[in-house]
Amino acid sequence: MPMLVMIDGSALPAVHCSHACADYRWLERMLADAPATPETAAALEVLDDLRRLLDARREPSDIGPLLGGA
């Protein structure tokens with residue numbers, strides 16, 4: 001059953017990630033607002049990779065790629 005999660009001031013339905021979605025958006029905003037350094041750019045790139053992995057999930061227990069990936 002979907003639940004509404006506040007993300008960027010909007011209530012959006014989330015089925016599997018619940019409050020983790022808001023945590024992800026918070027981390028994304030903090031990195032975007034951080035000083036521009038090679039480390040910040042690398043962290044944003046990794047966060048984009050994580051977004052793609054999370055978006056590909058279909059089941060709540062589908063965590064293998066996140067734990068087993070390089």
Side-chain angles (χ1 to χ4, degrees):
M1 170 174 228
M3 66 181 278
L4 293 179
V5 176
M6 292 301 291
I7 300 176
D8 285 341
S10 299
L12 299 174
V15 177
H16 299 309
C17 65
S18 65
H19 297 295
C21 293
D23 292 341
Y24 177 92
R25 295 294 294 153
W26 177 86
L27 181 58
E28 188 176 55
R29 282 193 312 275
M30 292 300 106
L31 285 172
D33 292 342
T37 66
E39 292 81 10
T40 303
L44 283 167
E45 189 173 323
V46 168
L47 200 58
D48 264 355
D49 291 342
L50 177 59
R51 176 191 291 271
R52 282 190 286 281
L53 283 172
L54 290 172
D55 286 347
R57 294 176 64 196
R58 296 291 177 247
E59 299 295 328
S61 60
D62 188 12
I63 60 171
L66 295 177
L67 297 177

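Sequence positions, counted from 1, serve as the residue numbers for this chain.
- Annotation for L44 and A32: closest pair CD2-N, 4.2 Å, computed over non-hydrogen atoms.
- When all heavy atoms are compared, the tightest approach of A34 to T40 is CB-CG2, 4.1 Å.
- Scored by the side chain to side chain contact (heavy atoms under 4.5 Å, CB included) test, L27 finds L31, L47 as partners (sequence neighbours excluded).
- Residues satisfying the salt bridge (charged side-chain N to carboxylate O under 4.0 Å, His left out) criterion with D48, sequence neighbours excluded, are absent altogether.
- With hydrophobic clusters built from ILVMFWY side chains whose heavy atoms lie under 4.5 angstrom apart, W26 shares a cluster with Y24.
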